Amino acid sequence: MKQLTRTQKLFISEYIKSLDPIKAVTFAGFPDDADKAKIASEFLSKDIIIRGIKARLKRRIDSLNVPKGYVIQKLLQIAEFSLEEEEITDKDGNYTGKKKLRDASAGLKALEALCKYLGFQTKDEDKNRKEAKIITISNLDDKKI
């Protein structure tokens, strides 16, 4: 199997840090007058470099060693905090008696991430899911009540 050159290793190292291919080419030691966009494109089209990037990323992820329970706990905390109700105040800071969710968007994103992390919904389930029928009072049959 072909080995990575020193220049390719430097490129990979900087690319993983910045995700900027031009910066990675510069870091790898190419001169200022070089066509860095072309070099970056060539580097990112080579299988050996793609495999090197993937291997380096996998090592980084594995080295984090974050327990699954910790991730689940944090996602639950974010969801619970974001979906709590808080009282609404007027422009003078007086409570209006109305309530709203703290940050529904963040809460829903945390729940979505949690579901994906736990594998609640697979692509196969998406294919087998049936279209929901909407029933309103106007189309409700007396025999079905």
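Not measured: the values here are computed from a predicted model. Just so you know, residue 1 is the first one in the sequence shown, and it goes up from there.
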For this session: Answer yes if Leu44 and Leu57 sit in the same cluster of Ile, Leu, Val, Met, Phe, Trp and Tyr residues linked by side chain heavy atoms under 4.5 Å apart, and no otherwise.
Result: yes
Exercise. With a cut-off of 6.0 Å (strictly less than), are more than 12 heavy atoms of other residues, nucleotides or ligands near CZ of Phe81?
Worked result: no
Seminar exercise, completed: Between the CD1 atom in Ile49 and the CD atom in Glu42, the distance rounded to the nearest 0.5 Å is 9.5 Å
Exercise. Short question: side chain of Ser41, backbone of Ala37 - any donor-acceptor pair under 3.5 Å?
Worked result: no
For this session: Considering non-hydrogen atoms only, spot the tightest contact between Glu86 and Arg102 and give its length.
Result: OE1-CG, 3.3 Å
For this session: Measure across Thr96 and Asp90 and return the closest heavy-atom pair with its distance rounded to 0.1 Å.
Result: CG2-N, 3.8 Å
For this session: Starting at CD1 of Ile12, measure out to CZ of Phe43 and round the result to the nearest 0.5 Å.
Result: 8.5 Å
Problem set entry | From Lys68 atom NZ to Tyr117 atom OH, the distance as rounded to the nearest 0.5 Å | 5.5 Å
Exercise. Does one hydrophobic cluster hold both Val25 and Ile53, with members joined at side-chain heavy-atom distances below 4.5 Å?
Worked result: yes
Exercise. Can you tell me how far SG of Cys115 sits from CD of Glu112, rounded to the nearest 0.5 angstrom?
Worked result: 8.0 Å
Exercise. Do Ile22 and Ile16 share a hydrophobic cluster (ILVMFWY, side-chain heavy atoms under 4.5 Å, transitive)?
Worked result: no
Problem set entry | Other residues, nucleotides, ligands: >12 heavy atoms within 6.0 Å of Asp92 CG | yes
For this session: Look at atom NZ of Lys36 and say whether more than 12 heavy atoms of other residues, nucleotides or ligands are closer to it than 6.0 Å.
Result: yes
For this session: Hey, could you give me the CG/NZ distance between Asp47 and Lys2, rounded to the nearest 0.5 Å?
Result: 11.0 Å
Problem set entry | Hydrophobic cluster identity match, Val71 and Leu108, side-chain contacts under 4.5 Å | no
Exercise. At their closest point, which heavy atom of Glu85 faces which heavy atom of Leu101, and how far apart are they?
Worked result: CG-CD2, 4.0 Å
For this session: With rounding to the nearest 0.5 Å, note down the distance linking CD in Glu14 to OG1 in Thr26.
Result: 9.0 Å
Exercise. Do Leu10 and Tyr15 share a hydrophobic cluster, counting only Ile, Leu, Val, Met, Phe, Trp and Tyr and linking them when any side-chain heavy atoms are less than 4.5 Å apart?
Worked result: no
Exercise. Is Arg51 close to Ile48 at the side-chain level, that is, under 4.5 Å between some pair of heavy atoms?
Worked result: yes
Problem set entry | Check against side-chain contact (heavy atoms from CB on, under 4.5 Å), Thr89 and Asn94 | CA-CA 5 Å; Thr89 57; Asn94 301 318; over 6 Å; no
Exercise. Which pair of non-hydrogen atoms, one from Lys9 and one from Leu4, has the smallest distance, and what is that distance?
Worked result: CE-O, 3.6 Å
Problem set entry | Working for side-chain contact (heavy atoms from CB on, under 4.5 Å), residues Ile39 and Phe11 | CA-CA 11 Å; Ile39 295 168; Phe11 174 85; over 6 Å; no
For this session: Going by the side chain to side chain contact (heavy atoms under 4.5 Å, CB included) test, name the single residue among Asp103, Leu111, Ile78 that passes it with Leu83.
Result: Leu111
Exercise. Has the side chain of Ser82 got a donor or acceptor atom that lies under 3.5 Å from a matching backbone atom of Ala79?
Worked result: no
For this session: Check the pair Lys46, Gln8 against side-chain contact (heavy atoms from CB on, under 4.5 Å), reporting the backbone distance first and the verdict last.
Result: CA-CA 10 Å; Lys46 292 184 178 185; Gln8 290 170 332; 4.2 Å; yes
